[in-house]
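Report on the structure given below.
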Amino acid sequence: MAKQEQVLNIDPQHELKFQGPFSTMVSSYLKLQNPTDSTILFKIKTTAPKKYCVRPNSGVIEPKGQMIVQVCLQPFDYDPNEKNKHKFMVQTMIAPEGDFNAETLWKEAKPENLMDTKLKCVFEYPVESGTSGTQSSPVSATRDDTSNFVNDVASSADGELLKASKEVKILREEETSLRQENFKLKEEILHLQKQTEALRQTSSRSQVKVEPVYQAHYIIIAILTGIVGIILGKFLL
């Protein structure tokens, strides 16, 4: 069964260009756009993993969303006579609806459900002065592409900051609501404590009042017994 065609819009489509000198880390950028109504999972793979750092190298792109991927080339000794065979592959897959585990989906994915796009790496060394303008045009194109991607990165960062700001606002509102509920609970607990104390005091007073009543009752009985004894004594005498 033939593989599915790539659903992501990938820019650039065929080549990742890196502009020298290569004595320091050099970056290139990939823009991944999801024009579909489905969630797309992606992975970035390379034939030379030790020479590159990819951020992020995998992730999820929401419907109609996009992702900027930074590809960093590690410093190395550039030899223009050496043929470069480094390649990258953008592998994608349509995620199922509802909750899912990305790692599990990649492990269980069938080959016919995977889509991929391959790009080759191109190293461009700065053109020396005195050369023709046609030779310098690839460098200019690379600079323009890099500038555009940097702008996209900034836009993406602004969007993430706005999203984070909204989430912080929601969390603060929830925190305020929880504090109010906590205050109400404290008031209810205090009210219950007062009621309990009042009942305890009322119970103590009732006990205090009952004891004299019982004592008076015993005194009256003793007096009556004494009077009866006196009367009986008179009659018996």
Side-chain angles (χ1 to χ4, degrees), residues 6-35 40-62 64-93 102-103 106 114-165 167-168:
Q6 181 63 264
V7 295
L8 288 185
N9 294 329
I10 300 175
D11 187 17
Q13 295 180 346
H14 307 294
E15 295 181 345
L16 268 178
K17 296 181 179 180
F18 297 88
Q19 180 185 346
F22 302 102
S23 55
T24 59
M25 184 179 290
V26 181
S27 295
S28 187
Y29 298 88
L30 274 172
K31 180 164 67 174
L32 311 179
Q33 289 182 314
N34 179 9
I40 304 297
L41 281 70
F42 75 91
K43 272 187 177 183
I44 310 294
K45 298 181 178 180
T46 179
T47 56
K50 293 183 179 181
K51 294 184 178 295
Y52 296 90
C53 179
V54 183
R55 305 170 183 165
N57 60 3
S58 64
V60 177
I61 306 178
E62 299 297 333
K64 310 301 181 183
Q66 71 174 22
M67 180 77 68
I68 303 297
V69 177
Q70 182 183 19
V71 182
C72 301
L73 173 62
Q74 304 294 334
F76 73 104
D77 294 328
Y78 175 69
D79 183 358
N81 297 319
E82 183 180 352
K83 190 175 181 180
N84 170 37
K85 296 182 180 180
H86 298 172
K87 293 180 181 180
F88 274 83
M89 181 174 69
V90 181
Q91 194 171 55
T92 59
M93 175 175 52
E103 185 176 353
W106 282 114
L114 298 177
M115 300 163 281
D116 58 63
T117 299
K118 296 177 181 178
L119 303 92
K120 66 178 182 179
C121 299
V122 177
F123 298 159
E124 295 182 340
Y125 206 78
V127 179
E128 296 178 359
S129 59
T131 57
S132 62
T134 55
Q135 290 178 328
S136 62
S137 58
V139 176
S140 299
T142 301
R143 288 176 178 172
D144 292 340
D145 291 342
T146 302
S147 177
N148 291 335
F149 278 124
V150 169
N151 291 335
D152 288 335
V153 171
S155 300
S156 179
D158 290 341
E160 292 296 329
L161 287 174
L162 180 60
K163 183 179 178 180
S165 177
E167 291 178 353
V168 169

Quick one: [atom1] on [X] to [atom2] on [Y], what's the gap to the nearest 0.5 Å?
X: Ile44; Y: Leu32; atom1: CD1; atom2: CG; value: 5.5 Å
X: Phe123; Y: Phe22; atom1: CZ; atom2: CZ; value: 6.0 Å
X: Phe42; Y: Leu8; atom1: CZ; atom2: CG; value: 8.5 Å
X: Trp106; Y: Ser58; atom1: CH2; atom2: OG; value: 8.5 Å
X: Ile61; Y: Ile40; atom1: CD1; atom2: CD1; value: 8.0 Å
X: Met67; Y: Glu62; atom1: CE; atom2: CD; value: 9.0 Å

- line: Nearest heavy-atom approach of Gln19 to Val26 is O-CG1, 3.3 Å
message: Minimum heavy-atom separation for Leu114 and Gln91, please, with both atom names.
response: CD1-NE2, 3.7 Å
- request: Can you sort out the partners of Lys83 under salt bridge (Lys or Arg N to Asp or Glu O under 4.0 Å), two or more places apart, ordered by chain and number?
  value: none
Would you mind writing out the side-chain donor-acceptor pairs for residues 115-122 within the sub-3.5 Å range, not counting sequence neighbours?
| unit_1 | atom_1 | unit_2 | atom_2 | d |
| --- | --- | --- | --- | --- |
| Asp116 | OD2 | Lys3 | NZ | 3.0 |
| Thr117 | OG1 | Gln6 | NE2 | 3.1 |

- prompt: With distance as the sole test, does Ser28 use its side chain to make a donor-acceptor pair with the main-chain N or O of Leu16 at under 3.5 Å?
  reply: no
- prompt: Can any side-chain N or O of Asp11 pair as donor or acceptor with the backbone N or O of Lys31 at less than 3.5 Å?
  reply: no
Please identify each residue that fulfils side chain to side chain contact (heavy atoms under 4.5 Å, CB included) with [X], with sequence neighbours left out.
X: Gln70; result: Ser27, Tyr29, Arg55, Cys72
X: Pro35; result: Asn9
X: Gln13; result: none
X: Asp79; result: Asn81, Glu82

- prompt: Are any non-hydrogen side-chain atoms of Tyr125 and Pro21 less than 4.5 angstrom apart?
  reply: yes
- prompt: Taking side chain as C-beta onward, heavy atoms only, is Thr46 less than 4.5 Å from Val54?
  reply: no
- request: Give a yes or no on this: more than 12 heavy atoms of other residues, nucleotides or ligands lie within 6.0 Å of atom NZ of Lys64.
  value: yes
statement: Contacts of Tyr52 meeting ring pair (Phe, Tyr, Trp, His ring centres under 6.0 Å) (sequence neighbours excluded), chain-then-number -> Phe18, His86, Phe88
Val90/Leu30 under side chain to side chain contact (heavy atoms under 4.5 Å, CB included): CA gap, chis, key distance, verdict: CA-CA 10 Å; Val90 181; Leu30 274 172; 4.1 Å; yes
query: side chain to side chain donor-acceptor pair (under 3.5 Å) with Gln33: which residues, sequence neighbours excluded?
result: Gln66
